[in-house]
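Take a look at the structure below.
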Protein chains: 2
Amino acid sequence: MKPKVTIEDIARLAGVSKATVSRVLNERSNVKAETRERVLRVMQEQGFVPSLAAAGLAGGRSRLVGVLTPPFTQPTVPEILRGVAEAIEHTDYEIVLYSTNAGQSPTTIVNRILALGLTSCLLVIQPGPLTPRLLQLASQGLPVVVIDDQGPPPELPSVGIDNRVSAYQATMHLIRLGYRRIAHLQGPAEFRCAQERYQGYRQALDDAGLPFDPALVFNGTFETASGRACAVALATLPLAERPEAIFIANDQMAFGFLSAAEALGLRIPQDLAVVGFDDIPLSAHVRPTLTTIKQPFYEMGRNAVELLLSLLHGPAMQPVAGAEDGYQPPIRIQLPTRLVIRESCGALTLHRRQEQEHSLSDE
Amino acid sequence: MKPKVTIEDIARLAGVSKATVSRVLNERSNVKAETRERVLRVMQEQGFVPSLAAAGLAGGRSRLVGVLTPPFTQPTVPEILRGVAEAIEHTDYEIVLYSTNAGQSPTTIVNRILALGLTSCLLVIQPGPLTPRLLQLASQGLPVVVIDDQGPPPELPSVGIDNRVSAYQATMHLIRLGYRRIAHLQGPAEFRCAQERYQGYRQALDDAGLPFDPALVFNGTFETASGRACAVALATLPLAERPEAIFIANDQMAFGFLSAAEALGLRIPQDLAVVGFDDIPLSAHVRPTLTTIKQPFYEMGRNAVELLLSLLHGPAMQPVAGAEDGYQPPIRIQLPTRLVIRESCGALTLHRRQEQEHSLSDE
DNA sequence: CTGTTAGCGCATTCAT
DNA sequence: ATGAATGCGCTAACAG
């Protein structure tokens with residue numbers, strides 16, 4: 001094994017004490033410039049890299065952030081992780097990765113986390129059932145940030161999007177295209193984002209003066225199969241009752257819907273326009289390509305890291321006005337989404353002149 | 001912050017020495033059953049979790065495996081990582097993740113790795129330019145395993161596939177379908193796998209007694225654009241010289257080929273049959289769906305972890321016959337691939353009776 | 001089988 | 001501005 005170069009070696013070679021080397025390492029100011037230079041040079045020559053493990057142990061706080069993620073194969077995850085990794089890279093922190101395969105108990109996972117004792121903070125993607133434990137940990141002082149791609153109410157610092165507004169934009173897009181009977185395939189009620197997207201849908205109908213028909217709201221699971229089921233349900237509807245368009249609460253279900261629709265001889269968008277939600281990689285490649293709300297997954301990752309590190313460095317944030325009692329509501333970073341117009345909504349066929357990837361940020 | 005429960009606490013509460021607690025922790029056998037029980041109970045009660053950081057420091061070897069990966073958005077990566085994560089989960093090791101964004105210098109990356117001093121081994125996905133450094137590290141005793149999805153000659157322990165045989169199968173599949181003029185879009189020569197796939201292609205032609213036409217071999221970059229370029233090149237060929245089928249060295253290029261072909265009015269598979277290589281998620285969803293060689297990415301991840309840990313635990317492997325001089329060639333785990341038959345090769349339209357996902361393992 | 005003694009490599013008091 | 005001493009939480013020899 002490579003003989004690890006230690007601070008002691010550097011100290012000896014540079015003719016200073018270990019303490020001084022340590023000071024240089026941590027960029028303390030109270031080191032004579034000349035000495036610092038010399039030490040730095042020796043470190044360079046020796047290829048010295050301080051042991052994070054030891055530093056963490058001795059200093060009481062480590063430079064490792066624990067990242068808890070759902071399986072990588074979940075389509076939204078890679079982009080988020082890319083953002084996380086890239087943000088971390090610019091810091092002197094490292095990532096310890098825990099993948100939370102659905103089956104395991106929250107306790108097991110959390111134990112693995114604490115096990116390290118070297119993870120000084122936690123970044124959790126889609127906490128789901130872990131939330132209670134996270135709250136507990138956070139209340140014990142562990143900095144935690146969640147990316148609630150589809151999460152429960154953020155009692156924790158979080159980064160996410162405004163689901164209500166985004167759903168509103170999606171629905172309004174359909175309304176603007178002239179569709180009047182607009183259905184909605186919603187996600188499971190236990191997901192807050194499913195409710196919010198439903199609310200955005202309702203609100204858009206209301207604002208446009210369109211009647212709300214409960215028969216046009218279908219219950220989904222956020223999974224492909226429920227998209228297929230919805231298409232079947234729609235196809236069996238009497239022609240007069242069929243909607244002209246549908247807003248589907250995530251792309252995964254939209255894929256199922258699209259494929260079943262094709263099999264059923266339902267033409268998209270001619271017979272039925274479709275708008276999804278998420279914009280995962282596949283969305284640009286299914287047939288027809290899917291008009292959808294783009295979630296800024298990459299940016300979510302980046303922002304989450306920044307938030308986490310800011311929590312770590314300055315636990316004393318400037319008090320929010322009106323929170324004079326000392327209670328600070330958890331920080332929430334809300335990122336903008338964007339409507340990506342593709343084939344499935346019919347905009348391209350109906351109005352060729354319209355710009356293809358039109359941002360509805362003027363909403 | 002939560003007051004960490006230490007071994008000392010447990011020792012006091014259980015009325016034993018710290019050493020004994022440590023022995024229990026590491027499942028040493030020389031502890032009286034009764035004592036062990038008591039210690040375990042106390043640990044349970046106190047919710048004790050040993051600090052990996054301290055353990056690593058003290059024991060000289062840590063329980064962290066460094067995983068070096070290309071950007072997660074590279075389509076083959078998530079599956080591999082899923083395999084890695086799942087395999088790790090069954091152990092008491094943890095993952096420290098380094099994403100190797102192309103731009104950075106190998107030194108920077110390697111420094112980050114050594115920085116920890118807590119990573120006792122390395123798992124590298126697509127080492128690429130890092131290889132020289134890795135060899136150096138390995139020769140210094142650091143256990144390293146690479147997953148050479150498209151890597152250079154494995155002088156390091158590695159897990160991968162047999163590219164030659166797989167390419168042979170792909171080409172032979174086209175030959176069996178009756179195509180005789182078969183083109184090949186190859187990857188860049190600096191990738192060993194590109195050469196091997198080319199060799200497999202050549203061999204299949206030879207074995208089938210088909211003439212080899214150098215004009216039918218195109219140079220690609222493994223990226224989408226070069227697939228498009230190839231389609232254009234093919235389309236400009238005089239009709240008489242056009243191939244009836246093409247074996248493309250990876251799916252990414254095949255996507256480009258498919259989309260350009262569509263734009264050029266070239267029908268796949270009627271005018272030209274296509275077989276790709278990799279079977280990444282998109283491959284089942286492009287139009288037409290892509291017949292391709294499935295690489296077992298998930299299994300590669302799992303196997304790599306197992307190999308790495310075995311290297312870590314028993315550096316003394318049983319000598320390979322014929323290596324009496326003490327030199328051990330690096331271990332290579334070669335996983336089987338599988339031909340996945342979809343639309344683009346024409347098998348489904350030509351021979352409806354054939355099974356859809358026919359494994360050519362009898363090759 | 002079990003307790004005692006030393007460190008692992010570093011950060012952090014205290015001194016000076 | 002720098003050096004010496006102490007300890008983070010744990011494992012690894014040693015002794016019994």
Side-chain angles (χ1 to χ4, degrees), chain A residues 1-40 42-43 46-64 92 94 114-120, chain B residues 1-40 42-43 46-64 92 94 114-120:
Chain A
M1 199 55 144
K2 67 211 149 356
K4 172 86 181 136
V5 183
T6 76
I7 270 200
E8 191 151 7
D9 301 326
I10 303 299
R12 191 167 357 89
L13 291 169
V16 293
S17 73
K18 294 192 283 179
T20 303
V21 178
S22 175
R23 283 189 258 267
V24 173
L25 262 179
N26 297 300
E27 285 161 6
R28 291 266 208 290
S29 46
N30 47 347
V31 176
K32 210 197 312 185
E34 188 213 345
T35 314
R36 168 198 269 88
E37 292 309 323
R38 187 154 32 93
V39 171
L40 283 174
V42 175
M43 296 197 327
Q46 301 297 315
F48 169 74
V49 247
S51 154
L52 273 195
L57 226 206
R61 66 189 179 308
S62 93
R63 315 222 118 173
L64 297 184
D92 50 357
E94 303 294 345
L114 300 185
L116 298 178
L118 41 60
T119 299
S120 59
Chain B
M1 202 54 145
K2 64 206 156 344
K4 173 87 180 135
V5 184
T6 77
I7 271 201
E8 192 152 8
D9 301 326
I10 303 299
R12 192 167 356 90
L13 291 169
V16 293
S17 72
K18 294 193 283 179
T20 303
V21 178
S22 174
R23 284 190 257 267
V24 173
L25 262 178
N26 297 299
E27 287 161 3
R28 292 266 207 291
S29 46
N30 48 347
V31 176
K32 210 197 313 187
E34 188 213 346
T35 313
R36 169 196 269 89
E37 292 308 323
R38 189 153 33 93
V39 172
L40 282 174
V42 175
M43 295 196 332
Q46 302 296 316
F48 169 75
V49 247
S51 154
L52 273 195
L57 226 206
R61 65 189 180 313
S62 92
R63 315 222 119 172
L64 297 184
D92 49 358
E94 304 294 346
L114 300 184
L116 298 177
L118 41 60
T119 299
S120 59

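Proteins come first, then strands; the chains are lettered A, B, ... in the order of their sequence lines, and each starts at number 1.
- Here D/dA13 presents its C1' atom at 13 Å from CG of B/Asn30, a figure rounded to the nearest Å.
- Rounded to whole Å, the distance from CD on B/Gln46 to C1' on D/dG9 is 16 Å.
- Between the CG atom of B/Leu25 and the P atom of D/dA12 there is a distance of 12 Å, given to the nearest Å.
- Across the protein-nucleic acid pair, A/Arg12 atom CZ and D/dG3 atom C1' stand 16 Å apart, rounded to whole Å.
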Quiz prompt | Pair assignment for DNA chain D - dot-bracket with | for other-strand partners, Watson-Crick or G-U under 3.5 Å | solution = |||||||||||.||||
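- An OP1 or OP2 oxygen of C/dC10 is reached within less than 4.0 angstrom by no side-chain nitrogen or oxygen of A/Arg23.
- For A/Thr6, no side-chain nitrogen or oxygen approaches OP1 or OP2 of C/dC8 to under 4.0 Å.
- Side-chain N/O atoms of A/Ser17 include one lying less than 4.0 angstrom from OP1 or OP2 on D/dG3.
- In terms of position on DNA chain C, the residue among B/Val16 and B/Ala58 whose nearest nucleotide sits closer to the 5' end is B/Val16.
- Between A/Ser22 and C/dT12, a side-chain N or O to OP1/OP2 separation shorter than 4.0 Å is absent.
- One atom, CD of A/Glu8, and another, C1' of C/dA11, lie 14 Å apart when rounded to the nearest Å.
- Between B/Ser51 and D/dC8 there is no side-chain N or O to OP1 or OP2 distance below 4.0 Å.
- No engagement by A/Val21 is indicated, since no non-hydrogen atom pair under 4.0 Å with the nucleic acid exists.
- Regarding A/Leu57, its CG atom lies at a distance of 9 Å from the P atom of D/dC10, rounded to whole Å.
- Rounding to whole angstrom units, CZ of residue B/Arg28 and C1' of D/dA13 are separated by 11 Å.
- One can place NZ of A/Lys18 at 15 Å from C1' of D/dT2, the figure rounded to the nearest angstrom.
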